[in-house]
Amino acid sequence: MAGRINDEDVKAVRDAVPIDAVVSEYLQLRNAGGGNLKGLCPFHDEKSPSFQVSPSKGLFHCFGCQEGGDTIAFVMKIDHLSFSETVERLAGQAGITLRYEEGGYNPTHQRGERIRLIEAHKAAAQYFVEQLDGPEAEVGRRFLAERGFDQATAAHFGVGYSPAGWDHLTRFLRGKGFSDKELVLSGISQDGRRGPIDRFRGRLMWPIRDIAGDVVGFGARKLRDDDNGPKYLNTPETAIYKKSQVLYGIDLAKKEIAKTSSAVVVEGYTDVMACHMAGITTAIATCGTAFGGDHIKILRRLLMDHASAEVIFTFDGDAAGQKAALRAFEDDQKFAAETSIAITPGGMDPCELRLAEGDVAVKELVESRTPLFEFAIRQVVLRHNLDTPAGRAAALDEAAPIVAGIKNGAIKHESAVQLAGLLGIMDTQFVVKRVGQVARWARDRGGRGPSGPGGRGPGGGPGQDRSAQATASAPPVSGGPALNLRSPAHRTERELLKLALQYPHLVSPAFDAYGADEFTAPPYAAVRQAIEAAGGAEQGQQDSPAYLALVRDAAPDDVVRAMVTELAVEAILRRTVDELYAGEQLVRVRLRAVDRRVRDLQGSFTRLGAAGDQERLTAVQNELWVLQQYGRALQERGAAAL
């Protein structure tokens, strides 16, 4: 084994590489006063910076997780290196030749594995760049030129070419002193029948660098029709390359990201190049995987998580792009930064857009961004049929958690009002209250909110607000949370169902004409359906015990069956139970249903008026007039108008 690194050389490395310069390669630092700098700790998740660096002392310390030490300790911790590997890396950056107390200078083959793999990638990247100038690489140069990239641009990004032979690079790196084992471990080579062969052959090569600027992998683009491999081939997972933890272009973009507190996330290597050439030098991309939690951690350390920071995602406008955008939105709450989306026109990616319309079009694309939450809300709403009460209820149920998750309180309120307009719900305050309720649920659940579309609220049932049915009724479901008996609508519906089960002769035959959608609480709607399936309240006039048994048997599950039993034995709220009282409950339930339908039609009237659909507008207007007359008759004549 190699001997211990000379103590004087270790000290020389510490003195030669300022700690603030090293730490700044991984996170943004700001003035903390007293000559110190602060940033978000890279070793644990935190919302406010507790990680401090003292350039004068050459030390760092996190007051949150208690990690601390000098420059060498920082690099060892963040890059998972041994002491000797760290000193060797820093010495290489500082141009210091290390001495070893046992055995003289350190032989190349005895250096740390990580350092060796990085050195192999560095040598391979340079080899690929040199090959791009050769005659075989004409197809690669043409590929770049057709996408608007000249030789200088290729050099700026280190784009190269891998020869089509089986082992050109492998033999080259062997000549540089790398062993076959190192080449296979690095992912540059792979095992063949007679030894290692090149993994990348006849392809255009992009070096993938980590945030410190070291090449840790490659992305390879197919160029020839006889290449049976995938369109893009990336380095496999290795000791130094984890695709979920690298962002292409981060080494070039990190300073501008920290300076402007913004980042643009695109989908491919050429998109990053196009954005940078167009002046969007904060552009980065993932490497063959979806944008995820580890990528967020990298950006958060650069953005410093302050309120004005922004992450802009660009996606194609097709279904796949929209799906990717919604997937990105799922991680929105992991950012303190605001998140936005820029949809490329005509299905073009930024590279194609620049080629077709120039640099200005790429800049305009980013400038025309939309808040990601707004995009997500619209996508959710578009999935539902807003012409039906059930559709509007479902859309509200799914969109409310999105609005509730908006970080800015003022924007949250405004978005709730806009959501009401999108849904055609006239009572905007109801939607605002609904959003507030969902936000409270999220806080009570530790920030988790209702569990997705149709999620479950505090009572364990569907997360839909039962009072939401005052505006739009939902399809009946079996079961639900504890019912809100402070709601006048729920109390009346419960009372009417008790009458239908206990005194069917008082509500029949009018009750049997009521639809399940006239009951705003899904459990009550399910009981109404069970009564209908048993033959209706009219059936109960003949044989009450048999009638209740029929209703229980018609219940779809034990939850509804238990509700039927509960309502059948619960006391009526009035001491004197007669036709007058029963008529009052029938009228109240029907009148509320009429009022809901009137509000629905008013919302439709507003939407159709904006769309200019005169034929449907007239039909809605006629139905609205009839319902208003019916509602007036119910108020004036009571049960006689049923």
Side-chain angles (χ1 to χ4, degrees), residues 1-29 32 35-39 41-43 51-62 65-123 125-126 176-178 182 185-186 207 209-216 238-241 245-246 250-251 254-255 258 298 301-302:
M1 291 183 61
R4 187 167 66 91
I5 301 173
N6 182 280
D7 289 341
E8 292 182 359
D9 292 346
V10 173
K11 183 178 184 302
V13 169
R14 284 197 181 98
D15 294 341
V17 186
I19 190 168
D20 52 326
V22 173
V23 174
S24 294
E25 295 290 327
Y26 298 86
L27 59 139
Q28 184 185 169
L29 293 173
N36 287 351
L37 303 168
K38 65 180 179 180
C41 181
F43 305 125
F51 181 91
Q52 295 213 9
V53 175
S54 173
S56 62
K57 298 182 177 67
L59 299 173
F60 76 93
H61 181 78
C62 177
C65 68
Q66 306 305 311
E67 287 289 346
D70 59 11
T71 308
I72 295 173
F74 177 83
V75 175
M76 286 176 63
K77 175 74 175 177
I78 200 165
D79 281 332
H80 308 288
L81 302 177
S82 67
F83 177 84
S84 60
E85 287 175 328
T86 302
V87 175
E88 287 165 356
R89 174 195 277 192
L90 294 174
Q93 293 175 1
I96 296 174
T97 300
L98 297 175
R99 295 168 295 173
Y100 294 79
E101 294 185 351
E102 298 174 22
Y105 293 105
N106 184 28
T108 301
H109 70 275
Q110 290 182 322
R111 301 182 68 184
E113 179 183 279
R114 180 182 174 89
I115 297 297
R116 292 290 292 163
L117 299 187
I118 287 176
E119 287 182 343
H121 275 83
K122 181 179 180 181
Q126 183 58 41
K176 293 287 185 180
F178 294 98
E182 288 173 332
L185 285 175
S186 71
R209 296 183 172 89
D210 62 16
I211 197 169
D214 289 325
V215 179
V216 293
T238 69
I240 62 173
Y241 179 78
Q245 298 174 8
V246 292
I250 192 68
D251 57 309
K254 63 185 178 184
K255 289 184 179 178
I298 296 171
R301 294 198 295 265
L302 294 174

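No hydrogens, no waters, no symmetry mates; every other heavy atom, side chains included, goes into these values.
Between Asn36 atom CG and Leu59 atom CG the span is 10.0 Å, to the nearest 0.5 Å. Within the model, atoms OG of Ser84 and CE of Met76 stand 8.5 Å from one another, a figure rounded to the nearest 0.5 Å. Between the CD atom of Glu25 and the CG atom of Leu302 there is a distance of 10.5 Å, given to the nearest 0.5 Å.
Using a 4.5 Å heavy-atom threshold, the side chains of Lys122 and Gln126 count as separate. Residues Leu90 and Val75 are in side-chain contact: their nearest non-hydrogen atoms beyond the backbone lie under 4.5 Å apart. Pro18 has its side chain out of reach of Pro55: every pair of non-hydrogen atoms, C-beta onward, lies at least 4.5 Å apart. Side-chain contact between Leu98 and Glu88 is present, with heavy atoms from C-beta onward closer than 4.5 Å. At least one side-chain heavy atom of Val216 sits under 4.5 Å from a side-chain heavy atom of Val246. With contacts defined as side-chain heavy-atom distances shorter than 4.5 Å, the pair Asp210/Ile250 does not qualify.
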* Asked: Does the side-chain contact (heavy atoms from CB on, under 4.5 Å) test come out yes or no for Ile298 and Lys254, once each step is laid out?
  -> CA-CA 10 Å; Ile298 296 171; Lys254 63 185 178 184; over 6 Å; no
* Determine, step by step, whether Asp7 and Lys11 satisfy the salt bridge (Lys or Arg N to Asp or Glu O under 4.0 Å) criterion, reporting the C-alpha distance in whole Å, the side-chain angles of both residues, the deciding distance to 0.1 Å, and the verdict. => CA-CA 6 Å; Asp7 289 341; Lys11 183 178 184 302; over 6 Å; no
* Step by step, work out the side-chain contact (heavy atoms from CB on, under 4.5 Å) result for Arg14 and Ile72. => CA-CA 7 Å; Arg14 284 197 181 98; Ile72 295 173; 3.7 Å; yes
* After noting the C-alpha distance and the side-chain angles of Ile118 and Ile240, does the key distance pass the side-chain contact (heavy atoms from CB on, under 4.5 Å) rule? -> CA-CA 8 Å; Ile118 287 176; Ile240 62 173; 4.0 Å; yes
* Check the pair His61, Gln52 against side-chain contact (heavy atoms from CB on, under 4.5 Å), reporting the backbone distance first and the verdict last. => CA-CA 5 Å; His61 181 78; Gln52 295 213 9; 5.7 Å; no
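Partners of Glu67 by side-chain hydrogen bond (donor to acceptor under 3.5 Å, both in side chains), not counting sequence neighbours, listed by chain and number: Lys77. With sequence neighbours left out, Phe51 forms a ring-ring contact (aromatic ring centres under 6.0 Å, His included) with Phe60. Considering only residues two or more places apart in sequence or on other chains, Tyr241 meets the side-chain hydrogen bond (donor to acceptor under 3.5 Å, both in side chains) condition with none of them.
When all heavy atoms of Val215 and Ala125 are compared, the pair lying nearest together is CG2-CB, 4.2 Å. The heavy-atom pair separating Gly68 from Ala73 by the smallest distance is O-CB, 4.4 Å. The heavy-atom pair separating Arg116 from Phe178 by the smallest distance is NH2-CD2, 3.3 Å. For Ser54 against Ile19, the heavy-atom pair with the smallest separation is O-CG2, 4.0 Å. Heavy-atom minimum distance, Val87 versus Val13: CG1-CG2, 4.1 Å. In terms of heavy-atom proximity, Gly39 sits nearest to Leu29 at N-CD2, 4.1 Å.
The distance between the ring centers of Tyr26 and Phe43 does not fall below 6.0 angstrom.
Under a 3.5 Å cut-off, the side chain of Asp9 and the backbone N or O of Arg99 do form a donor-acceptor pair.
No more than 12 heavy atoms of other residues, nucleotides or ligands sit less than 6.0 Å from atom CD of Glu8.
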